[in-house]
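Okay, structure first, notes after.
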Amino acid sequence: MRVHRIRKEMTQESLAEKIGSYQVRVSRLENEVEQPTAEEIEKIEKVLEANIWSLQRGGAMNGT
C-alpha cells in the first residue's frame with residue numbers, strides 16, 4: 001500500500017482524506033498493525049488505482 005501511495009505522490013493524510021478516514025488509520029494499515037475492512041479496501045484500491053489486497057487473497061476480499 002505504501003509503495004502505491006508514494007507512487008501517486010500522496011501523503012498518508014491526503015489518502016486518509018480521500019477515503020474518509022484518518023492518517024493514523026492509514027499508518028496502521030500500511031504497517032499491517034490492523035487489517036482493512038472490505039469498504040476500506042474498495043476505497044483505497046480505487047484511489048490508488050491498484051489491486052493491493054484483492055489480488056493477494058485470490059479475490060476473496062472483493063466477493064469473487
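Remember, predicted model here, so these are calculated numbers, not experimental data.
Q23 and E13 are not linked by any side-chain donor-acceptor pair at a separation below 3.5 angstrom, with hydrogens and angles left out of the test.
Here NZ of K8 is found 11.5 Å from OG of S14. Values are rounded to the nearest 0.5 Å. To the nearest 0.5 Å, atoms OG1 (T11) and CD1 (I6) are separated by 10.5 Å. Atoms NE2 and CD1, from H4 and I52 in turn, are 5.0 Å apart once rounded to the nearest 0.5 Å.
Residue E17 places its CD atom among 12 or fewer non-hydrogen atoms of other residues, nucleotides or ligands, all under 6.0 Å distant.
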Practice task
Test side chain to side chain contact (heavy atoms under 4.5 Å, CB included) on V26 and M1 and set out the steps.
Solution key: CA-CA 9 Å; V26 171; M1 179 176 148; 3.6 Å; yes

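Each of R25, R2, E30 was checked for a side-chain hydrogen bond (donor to acceptor under 3.5 Å, both in side chains) with Q12, and the lone residue meeting it is E30. No option in E40, E39, E45 other than E39 meets the side-chain hydrogen bond (donor to acceptor under 3.5 Å, both in side chains) test with K43.
The side-chain hydrogen bond (donor to acceptor under 3.5 Å, both in side chains) check on E9 picks up nothing, with sequence neighbours excluded.
Side chain of R28 to main chain of V33: no donor-acceptor pair is present (N/O by atom type, distance under 3.5 Å, no hydrogens or angles).
Heavy-atom minimum distance, L29 versus P36: CD2-N, 3.5 Å.
In this structure, the side chains of L15 and L48 come closer than 4.5 Å at one or more pairs of heavy atoms.
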